[in-house]
Amino acid sequence: MNKRLFILLVILMSLSLIGIIFVQFYWIKKSVDDKEEQFSNAVTEVLNKVTDKIEGREQKDYSDRYLNQKDSIGELKDANYTNIMFGYRDFDSNELRLYEHGILEEDYNIPYTFFDTNSGDTTTIKSYTSKRTTTVLKEEFGLDGKEYRLTPIQKFEKIGGLSAIEKAQYEDIFSEFAKKVPIHERVSTQEVELLLNRELKNRGVDTKYEYGIYSNGLPTKVKSRRFQYKANTFYEAPIFVDSEGNTNFSLLISFPKKKSFLISSILGLAILSLLFTLVIVASYSGAIYQLIKQKQISEIKSDFINNMTHEFKTPIATINLAVEAIRNPKIIDDKEKVMRYLQMIRDENKRMHAQVENVLRISKLEKNQLDISKDRVDVHDIIQDAIAHVELIVADRGGYIETHLDADRREVLANEMHFTNVIVNILDNAVKYSVEPPKIDVFTELAKNNIIIKIQDQGAGMSKTVLKKVFEKFYREHTGNIHNVKGHGLGLSYVKKIIDDHQGEVYAESEKGKGSTFYIKLPLI
């Protein structure tokens, strides 16, 4: 994939993800705001309903008291009785129905002593009583002729009582009187709590609250224990409003756990939203990681193919030259030269075969298809055998390999061939990456129940970035188009897999320009 296109895709995907996350948080915030608005509307309705019921209850109390006073101590001033009567005959049932409706109007002088004992004023209140009488005359025939059976039905009821003017007079007198009564006698904390509990429950507001009735900003006795007057933390509604719409009292209510209640109301959906967002983020991160990984693998594979091409190019060219030389009539009769060229062909062919085997061995090792049988082996013997494979090359370059085998116990459970290849690979790398004549030291030491093999060189060394990836498959340090170091990036990957299979550890320390040190830790028998 083109690098610019890859970067563009990553940027677009990142912006889309950020947009999704922003929308999710905006939706959650909007939901909380909507819930808060609904909560405020519900609480406002509750306060209005509660204040109306308290005011209505107070008016009813005084109305009942007023009517009782009127009925008990009112002085009859005047009375007027109006009577209306009519009738008709039902021929089907042989009944004669007579209807009589009388209305008694009574005027009373009622003193206002139950409002104000210092006042001797009176007012005239009209009372109306309705009297309805229905008389049924049933015409029947007996032995002595016609006769009528009377069935009277009477009904009394009071109607009216207060005219509009009288009602206004009453409410004005009641309002003026009520203002003189202390607030805690007009309403009790029990009544306020009962009404608030009922109305809040009806509107689904199930959270702790505190309330209080304040007079001109000052607290009264009617309040809950923990109510505190804090600006912008309570809801307010006027109570005991007079006929002109004025009042000195306000019912205040606050909710200490309002935020938690609002959040809990959308918590389920918010958690699901955040969970799905996290899944998207995790999936996106995984996808980006895999894309980067695949890009790196693609680059590594390209390097691997280039390295393998260079690795095979030299032996193929050598074999081709040797064949051409043997075909030369002047050479073909020279048995010594023919044998030398044949040996060269055999060596180069063996070299290519070993490279192919390395690739196949790594592949089988990854698929757990490589059968590795383990026996009791001496680590020092393995090291000496591995050194023998490379010491001629080291000597040819004017270098040395020195051993410092100080471990007293050295027997481990290992596969002799594969473990030898591990040491050879590390030594081979030390030789390859030594610009000067290779100088290699091999140490062994004990650490509790483990033996540690330390292979130290004074070669080119590695940067920290290279050191982190040195055991990855196909990885080789980039040197541009210069292929002065042969290899295909499988050696150290093979080393790590074999050591892991032996329940051991392998790691390296290095500094650019100062050489590298490889450590192998294996459990002793």
Side-chain angles (χ1 to χ4, degrees), residues 42-74 108-127 158-203 205 209-225 227 229 234-254:
V43 172
T44 301
E45 291 179 7
V46 166
L47 290 177
N48 291 334
K49 197 81 174 282
V50 169
T51 54
D52 289 345
K53 286 186 176 182
I54 292 173
E55 292 171 353
R57 188 269 311 156
E58 186 182 45
Q59 290 179 3
K60 183 177 182 302
D61 288 346
Y62 282 101
S63 176
D64 292 343
R65 183 178 172 184
Y66 168 78
L67 292 176
N68 290 336
Q69 290 280 357
K70 183 197 74 172
D71 291 339
S72 60
I73 64 173
Y108 291 88
N109 282 336
I110 305 299
Y112 293 151
T113 55
F114 73 104
F115 286 124
D116 189 350
T117 55
N118 296 325
S119 173
D121 295 339
T122 61
T123 187
T124 300
I125 300 298
K126 295 181 182 296
S127 177
K158 291 185 177 181
I159 60 174
L162 293 175
S163 66
I165 297 176
E166 292 166 346
K167 186 176 180 181
Q169 291 175 343
Y170 163 74
E171 289 179 351
D172 186 60
I173 294 170
F174 155 73
S175 177
E176 290 301 320
F177 168 75
K179 288 180 181 180
K180 301 176 183 179
V181 180
I183 187 67
H184 60 274
E185 294 181 9
R186 300 178 70 180
V187 62
S188 65
T189 56
Q190 292 82 2
E191 180 183 9
V192 176
E193 288 179 7
L194 179 64
L195 291 173
L196 284 175
N197 287 336
R198 184 185 303 163
E199 295 300 325
L200 288 172
K201 184 178 180 181
N202 290 341
R203 285 163 177 78
V205 181
Y209 66 88
E210 302 293 339
Y211 71 91
I213 294 180
Y214 272 60
S215 174
N216 295 322
L218 299 175
T220 66
K221 292 183 179 181
V222 185
K223 65 185 184 68
S224 58
R225 291 181 180 179
F227 181 80
Y229 188 94
F234 56 83
Y235 297 90
E236 181 179 5
I239 189 171
F240 299 127
V241 181
D242 60 20
S243 58
E244 296 179 357
N246 299 321
T247 181
N248 294 328
F249 299 100
S250 297
L251 174 60
L252 279 59
I253 185 170
S254 64

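Annotation: the span from Ser250 atom OG to Tyr214 atom OH amounts to 11.0 Å, rounded to 0.5 Å. With values rounded to the nearest 0.5 angstrom, Thr189 atom OG1 is found 11.0 Å from Leu194 atom CG. Within the model, atoms CG of Asn248 and CD1 of Ile183 stand 10.0 Å from one another, a figure rounded to the nearest 0.5 Å. Rounded to the nearest 0.5 angstrom, Asn48 CG and Glu199 CD are separated by 10.5 Å. Here the CG-CD distance, from Leu196 to Glu193, works out to 8.0 Å after rounding to the nearest 0.5 Å.
A heavy-atom distance below 4.5 Å is not found between the side chains of Val46 and Val205. By the 4.5 Å heavy-atom criterion applied to side chains, Lys223 and Leu252 are not counted as neighbours. No side-chain heavy atom of Glu210 sits under 4.5 Å from any side-chain heavy atom of Phe234. Put simply, the side chain of Ile213 does not reach to within 4.5 Å of the side chain of Phe227, judged on heavy atoms. Counting only heavy atoms from C-beta outward, the side chains of Ile253 and Leu200 approach each other to under 4.5 Å.
In plain terms, the two heavy atoms of Leu251 and Val192 that are nearest each other are CD1-CG1, 4.3 Å. Closest non-hydrogen pair, Pro238 versus Thr247, comes out as CB-CG2, 3.7 Å. Closest of all the heavy-atom pairs between Leu47 and Ala237 is CB-CB, 3.6 Å. The minimum heavy-atom distance between Val222 and His184, with the atom names listed, is CG2-CA, 3.8 Å.
Not a single donor-acceptor pair under 3.5 Å links the side chain of Glu58 to the backbone N or O of Arg186.
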(request) Please assess Asn197 against Lys201 for the test side chain to side chain contact (heavy atoms under 4.5 Å, CB included), listing each intermediate value before the final yes or no. (result) CA-CA 6 Å; Asn197 287 336; Lys201 184 178 180 181; over 6 Å; no
(message) Applying side chain to side chain contact (heavy atoms under 4.5 Å, CB included) to Lys49 and Asp52, what does each step give before you reach the verdict?
(response) CA-CA 5 Å; Lys49 197 81 174 282; Asp52 289 345; 5.8 Å; no
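Relative orientation of the Phe249 and Phe240 rings is perpendicular, given thresholds of 30° and 60° on the angle between their planes.
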